[in-house]
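Every chain is numbered from 1, with letters handed out A, B, ... down the list of sequences. Remember, predicted model here, so these are calculated numbers, not experimental data.
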Number of protein chains: 2
Amino acid sequence: MAVTVKNVALHAGVSTATVSRVLNDDPGIRPATRSRVIESIKITGYRMNKAARSLKTSRTGTVGLLVPELVNDFFMTVAEGVEDILRTEGYGVILCNANEDVRYEADRISLLIEQCVDGVIIIPTSSEGSHFSSLSDAGIPVVMVDRMVNGFKADAVLADNINGAYSAMQNLISTGCRRFGFIGGSQELSNFRERFEGFKRALSDYGIPVEKDIIKFGNVHIDSGYNLMKELMSEANPPENVFIANYFLQVGATKFLIENSSAKTASIHIAGFDDMSLSSILGFSSITVSQPMMEMGRKAAEMLLERIEEQSALASAPPPPRLVRLKTTLIKH
Amino acid sequence: MAVTVKNVALHAGVSTATVSRVLNDDPGIRPATRSRVIESIKITGYRMNKAARSLKTSRTGTVGLLVPELVNDFFMTVAEGVEDILRTEGYGVILCNANEDVRYEADRISLLIEQCVDGVIIIPTSSEGSHFSSLSDAGIPVVMVDRMVNGFKADAVLADNINGAYSAMQNLISTGCRRFGFIGGSQELSNFRERFEGFKRALSDYGIPVEKDIIKFGNVHIDSGYNLMKELMSEANPPENVFIANYFLQVGATKFLIENSSAKTASIHIAGFDDMSLSSILGFSSITVSQPMMEMGRKAAEMLLERIEEQSALASAPPPPRLVRLKTTLIKH
DNA sequence: CCTCTGCTTGTAATCGATTACAGAAGTATA
DNA sequence: TATACTTCTGTAATCGATTACAAGCAGAGG
């Protein structure tokens with residue numbers, strides 16, 4: 001049925017070894033022979049069976065990308081960055097959805113190991129990372145993006161959350177704001193911890209007190225943003241400026257403000273995180289900390305490729321985990 | 001390095017054939033032998049090398065999912081539906097990004113064929129589908145979602161776009177609206193053609209004239225929505241009701257209205273397509289046609305699995321392409 | 001004319017799991 | 001106990017590509 005190297009070899013009047021060498025750009029092939037083989041490949045319509053190659057080389061040319069959810073512009077922009085780099089290297093990306101659930105996450109990792117992926121890029125669902133160790137046990141390199149986890153050491157690409165939040169606050173403070181509410185995601189997750197850290201540090205540096213009543217934590221979803229803004233607005237003395245540590249929380253918070261507009265809500269200003277295609281029309285927003293999402297994905301893919309190279313190069317002691325922080329930028333609306 | 005069936009066989013004191021039979025749930029194995037093998041599998045920590053199995057069985061347990069772009073809630077919701085079904089059957093999903101470019105699309109198809117996927121689900125980027133035939137040439141089943149293409153026959157899962165658009169119009173007309181603008185995507189794409197068809201049919205059925213000046217076509221992106229709404233508002237006599245055939249166009253159009261608010265824009269009402277997490281806070285919107293996105297993905301996955309079964313069952317004439325239309329629902333804001 | 005070196009190419013083993021076929025072991029019956 | 005069936009298990013070929021090793025071949029130098 002399918003055309004194999006054998007067919008090509010027959011057609012070109014050479015051996016399968018020669019065909020294989022042409023396919024792998026082996027330099028020790030006479031140009032005349034090479035072009036004859038290439039011609040035969042075209043004519044026969046040969047397509048390599050990667051399963052066979054994988055069996056022999058124990059490299060599959062696929063990497064896994066495990067994200068907490070698919071319907072999420074942040075994760076998917078990272079994914080585009082990953083794909084962008086890996087495509088050019090001829091890798092396929094197996095995208096797995098952890099469904100915001102550590103058990104699903106562990107399950108998908110099993111799948112990826114069985115599929116013999118050459119490496120895995122993970123945006124962790126939770127702070128728990130011990131189930132990732134089966135990957136390193138199987139000798140599969142891992143790069144984490146956006147969040148760190150406990151109980152597992154690996155390369156990571158993170159945004160500079162602390163300074164991102166800090167500079168946004170600094171900017172607002174310089175325009176005269178003196179009282180700030182905060183809406184953030186779970187402090188279990190490293191990225192949200194860091195953003196809160198940047199927030200607090202700015203207040204502290206400018207001598208502004210932290211008011212516990214107007215600091216709210218939830219999860220990372222629209223509903224949570226809605227509810228936390230509602231809570232905030234129900235406080236005895238709600239703030240006029242609110243730092244919201246995540247795009248989806250901001251969407252939810254905005255939704256509440258739109259649905260419950262009043263004199264009190266009219267004067268609200270929001271500083272947010274992540275510049276998405278809809279950020280500019282959300283309203284209430286004065287400033288946004290933009291993470292280099294695509295770049296984070298690209299960088300992660302590059303680091304993973306390096307690791308894969310290292311690994312096949314030689315089996316000496318692997319270098320220690322590398323940590324990359326990418327700078328955020330401030331966007332004013 | 002890695003544990004193979006050979007190791008397991010040695011450990012259990014049986015042949016590799018027996019181990020393989022246990023792995024594949026072959027019923028003709030004495031229970032005592034089976035449990036001994038299972039025990040050995042656990043003790044040795046055996047994990048199957050799927051590349052080897054694929055080589056022999058020419059089934060990889062992976063399917064390809066090819067979408068025009070990743071950062072798109074519609075496509076990704078479909079993808080979640082696909083993943084949801086395939087996960088439970090033990091399949092891995094190789095997600096490919098066609099980057100809105102037919103050449104990329106063709107390139108990714110090559111990759112998928114080389115990766116020996118068992119089937120492919122495609123949301124086509126354009127109306128051109130002749131490059132999909134290499135899939136059927138390779139004996140790989142294909143299911144298309146959301147859009148039909150020219151020059152290639154395959155199973156398809158589509159939304160009932162005509163009736164969706166029609167019923168939204170009907171609803172608006174019943175509230176007294178009598179003049180409608182239209183903003184839509186390229187009429188090359190079947191889904192947009194159908195939505196326009198539903199729009200026209202409603203006008204015709206209720207005796208409302210089609211006014212060419214207030215009917216605008218562009219691509220499917222935010223920018224396009226922005227520009228088309230701008231054009232519409234610059235017309236001598238702009239309409240108060242606008243049917244916008246796509247979520248992203250609606251976002252762009254809304255953006256224009258927000259940035260250019262005036263007495264004229266204040267009275268605009270928009271009927272849109274696709275109920276996304278942000279639809280409810282866009283403003284201007286009166287009604288939305290909601291496609292069952294997740295369900296479309298699930299259905300496509302189920303159809304693909306059926307085709308894969310059929311194929312391995314026997315090589316008789318394959319049944320003709322199946323077309324499934326899923327109903328839309330109306331959502332009022 | 002012969003040998004040696006260096007460049008190309010071919011032969012054949014190999015990766016790990018599956019499976020047709022054959023053979024062994026077990027069961028039932030006479 | 002012998003015979004005829006089942007039922008279970010092992011042997012060995014196989015999938016398609018890679019690659020160590022060997023062999024062929026040309027030209028240089030003696």
Rounding to a whole Å, what distance do you find between [X]:[atom1] and [N]:[atom2]?
| X | N | atom1 | atom2 | answer |
| --- | --- | --- | --- | --- |
| A/Arg59 | D/dA17 | CZ | C1' | 15 Å |
| A/Arg30 | C/dC7 | CZ | P | 13 Å |
| B/Asp26 | C/dT19 | CG | C1' | 10 Å |
| A/Arg53 | D/dG16 | CZ | C1' | 12 Å |
| A/Met48 | D/dC15 | CE | C1' | 16 Å |
| A/Asn24 | D/dA20 | CG | P | 12 Å |
| B/Leu55 | C/dC15 | CG | C1' | 9 Å |
| B/Lys6 | C/dT14 | NZ | C1' | 11 Å |

For the pair [X] and [Y], find out whether any cationic side-chain nitrogen is under 4.0 Å from an anionic carboxylate oxygen.
| X | Y | value |
| --- | --- | --- |
| A/Glu295 | A/Arg298 | yes |
| A/Glu39 | A/Lys42 | no |
| A/Glu114 | B/Lys50 | yes |

Nearest to side-chain heavy atoms of [X], which nucleotide of [options]:
| X | options | answer |
| --- | --- | --- |
| A/Thr18 | D/dA12, C/dG10, D/dA17 | C/dG10 |
| B/Ser15 | D/dG16, D/dT19, D/dG10 | D/dG10 |
| B/Arg21 | C/dT19, D/dC21, D/dT14 | C/dT19 |
| A/Thr33 | D/dA17, C/dG16, C/dT8 | C/dT8 |
| B/Val5 | C/dG10, D/dG10, C/dA17 | C/dA17 |

Short side-chain N/O contact to [N] OP1/OP2 from [X], under 4.0 Å:
| X | N | result |
| --- | --- | --- |
| A/Tyr46 | D/dG16 | no |
| B/Ser54 | D/dC15 | no |
| A/Ser20 | D/dT18 | yes |

Between B/Ile29 and B/Lys56, who's closer to the 5' end of DNA chain D by nearest nucleotide?
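Result: B/Ile29.
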For B/Ala52 and B/Gly13, take the nucleotide of DNA chain D holding the closest heavy atom to each; which residue's nucleotide lies nearer the 5' end?
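With B/Ala52 and B/Gly13 compared, the 5'-side residue is B/Gly13.
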4.5 Å side-chain heavy-atom contact, B/Lys299 and B/Pro292
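No. Closest side-chain heavy atoms not under 4.5 Å.
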Does B/Val14 reach a base, just sugar-phosphate, or nothing at all? Heavy atoms under 4.0 Å.
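Sugar-phosphate contact only - B/Val14 comes under 4.0 Å of backbone atoms but never of a base.
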May I ask you to decide if B/Gly139's main-chain N or O and B/Gln311's side chain share a donor-acceptor pair within less than 3.5 Å?
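It does hold such a pair.
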